[in-house]
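Down below is the structure, laid out as structure tokens.
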Amino acid sequence: ISCTLAATGVSLAFPSWFERPIALSKVSFTGGYDLNTRKVTVDRFQANGDVLSADLGGNAVFAAGMSPALSLHGMIGALPLADALAYWPAAVAEGARSWVRENLSGGTVGPLRIDTDFAPGMLDRSPTPDDALALSFPFEGLTAHYLGDMTPITEGRGEALLSGDSFRAVVTSGRVGPIALSAGNVVIPNLHGAPGHFTVHTDGAVADVLSLIDEEPLRYPKRFGIAPASTQGRAGIDLDFTVPLVRDLALDDIGIKVAAKATGLGLPIDSHRTLERAAASFDIDPKSLTSEGTGAISGVPIA
């Protein structure tokens, strides 16, 4: 059986797969069905709606007692992240879907390039193998939470790749509060349990940078007796977190490295003396802070 179909004002409802009906103003389909092999072939499927647009092709082979083999390739137009989650099939990459819903919000994603290769019965299993699904897309305007209640990344822009059970993203620009973000990476090799690796580079005022790493759960300046508001200068800082993807994390469960370089640093030493005009590097882990550099105290050069 083969057909060419064109329709308008279409609403597709699959309650077990999608959170809400898919409303489409225009649909066109060219393909067919082989009764002997139980194979649906989609030569081309094009759809446009208020939010969703797609241009796809592929095939599905139905087998008794299990989910079909599914091969799907094509493009989905850019859309708000909230709508992308609503149209994310419930049975596909559930771990990835849950992580994205809990940690990302706002902004737009796409256009999305989708390639799937599900063997018979694979849609019934969890997690989804990485080689069965590849979804790549640019994003912009995203808000991302990376560690507890720390100030999130906002205005995030970059590129991402979601495979069956892994997620990778490169953040090319964004902000963390008043601090500019110039580079960030997210690597989650296993969305069902492996730790996520998050790296962020920021540039800003020393006081703002120290205020960021004084938030829970880090509280580094407080532990080392530094009041962020009393400092001066500029700093670039690299945050490196390895975070188990579980709730109620203790600080000791998180792999943390902080490396910073400060210029024009001003820092009170005691009630009478201040470190001035310093250039210094800092290396911080959960148990220690090590710093070296040059500056002046009461006009006297020091190292």
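In this chain, numbering begins with 1 at the start of the sequence shown.
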Heavy-atom count around Arg113 CZ within 6.0 Å, excluding the residue itself: above 12? yes
Honestly curious: do Leu72 and Met66 fall in one hydrophobic cluster under the side-chain, below-4.5 Å linking rule? no
No-hydrogen, no-angle side-chain donor-acceptor test under 3.5 Å, Asn185 and His197: no
Interatomic spacing from CG in Asn103 to CG in Leu142 - rounded to 0.5 Å: 11.5 Å
Would you say the side chain of Leu212 lies within less than 4.5 Å of the side chain of Ile179, judging by non-hydrogen atoms? yes
Between Gly299 and Ala296, which heavy-atom pair has the shortest distance, and what is it? C-CB, 4.3 Å
Contact summary for Leu24 and Leu12, nearest pair of heavy atoms: CD1-CD1, 4.2 Å
Gap between atom OG1 of Thr154 and atom CG of Leu181 - 0.5 Å precision: 9.0 Å
Applying side-chain hydrogen bond (donor to acceptor under 3.5 Å, both in side chains), run through Glu159 and Ser136 and close with a yes or a no. CA-CA 8 Å; Glu159 300 274 343; Ser136 58; over 6 Å; no
Take Asp117 and Leu133, measure what side-chain contact (heavy atoms from CB on, under 4.5 Å) needs, and give me the verdict at the end. CA-CA 6 Å; Asp117 188 13; Leu133 170 67; over 6 Å; no
Checking Ile284, Asp283, Val209, Asp240 against Val258 for side chain to side chain contact (heavy atoms under 4.5 Å, CB included), the one that qualifies is Ile284
Do Leu52 and Leu112 belong together in a cluster built from hydrophobic side chains that touch within less than 4.5 Å? yes
At their closest point, which heavy atom of Ala144 faces which heavy atom of Pro152, and how far apart are they? O-CB, 3.3 Å
So which atom in Ile226 and which in Pro228 form the shortest heavy-atom distance, rounded to 0.1 Å? O-CD, 3.4 Å
Cluster check Ile1, Val61: I/L/V/M/F/W/Y, side chain < 4.5 angstrom: no
Straight-line distance of Arg277 CZ to Ile297 CD1, nearest 0.5 Å: 11.0 Å
Sub-4.5 Å side-chain heavy-atom contact between Thr231 and Leu210: yes
Starting from the C-alpha separation in whole Å, work towards a yes-or-no answer on side-chain contact (heavy atoms from CB on, under 4.5 Å) for Phe198 and Thr242. CA-CA 6 Å; Phe198 304 82; Thr242 301; over 6 Å; no
Value for OG1 (Thr30) from CG (Leu5), rounded to nearest 0.5 Å, stands at 8.5 Å
Could you state the interatomic distance from OG1 (Thr116) to CG (Leu70), rounded to the nearest 0.5 Å? 4.0 Å
Would His201 and Asp238 satisfy side-chain hydrogen bond (donor to acceptor under 3.5 Å, both in side chains), going step by step from the backbone distance to the final call? CA-CA 4 Å; His201 177 81; Asp238 290 292; 2.8 Å; yes
Mind checking the CG-OG spacing from Asp50 to Ser25? Nearest 0.5 Å is all I need. 6.5 Å
Basic-acidic side-chain contact under 4.0 Å: Lys222, Asp214: no
For residues 288-300, which residue pairs pass the side chain to side chain donor-acceptor pair (under 3.5 Å) check, not counting sequence neighbours? Asp285-Ser288
I'd like to know if Val187 and Leu161 are part of one continuous hydrophobic network [Ile/Leu/Val/Met/Phe/Trp/Tyr, side-chain heavy atoms within less than 4.5 Å]. no
If we only count heavy atoms from C-beta on, is the Phe282 to Leu289 side-chain gap below 4.5 Å? yes
Count I, L, V, M, F, W, Y as connected when their side-chain heavy atoms are under 4.5 Å apart, and connections chain through other members. Are Val170 and Phe241 then in the same cluster? no
Which heavy-atom pair separates Met122 from Ser67 by the least distance, and what is that distance? N-OG, 3.7 Å
Taking side chain as C-beta onward, heavy atoms only, is Phe29 less than 4.5 Å from Cys3? yes
Quick note, side chain to side chain donor-acceptor pair (under 3.5 Å) partners involving residues 51-65, not counting sequence neighbours, are Arg44-Asp55
For Ile153 and Thr143: C-alpha separation, side-chain torsions, deciding distance, then whether side-chain contact (heavy atoms from CB on, under 4.5 Å) applies. CA-CA 5 Å; Ile153 297 170; Thr143 295; over 6 Å; no
Using side-chain heavy atoms (C-beta onward) and a distance below 4.5 Å, is Ile114 in contact with Leu56? yes
Using atom types as modelled and distance alone, determine if a side-chain donor or acceptor of Gln46 lies under 3.5 Å from a backbone N or O of Val27. no
Arg157, CZ atom: more than 12 neighbouring heavy atoms under 6.0 Å: no
Side chain proximity check, Pro111 to Pro138, heavy atoms < 4.5 angstrom: yes
All heavy atoms of Ser166 vs all of Leu162, minimum pair found to be O-CD1, 3.4 Å
Indicate every side-chain donor-acceptor pair of residues 73-86 with a distance under 3.5 Å to a residue at least two apart or in another chain.
residue	atom	partner	partner atom	Å
His73	ND1	Asp115	OD1	2.8
His73	NE2	Ser71	OG	3.0
Asp83	OD1	Arg20	NH2	2.1

Go through the steps for Leu265 and Gln232 under the test side-chain contact (heavy atoms from CB on, under 4.5 Å), then give the verdict. CA-CA 5 Å; Leu265 176 63; Gln232 298 177 338; over 6 Å; no
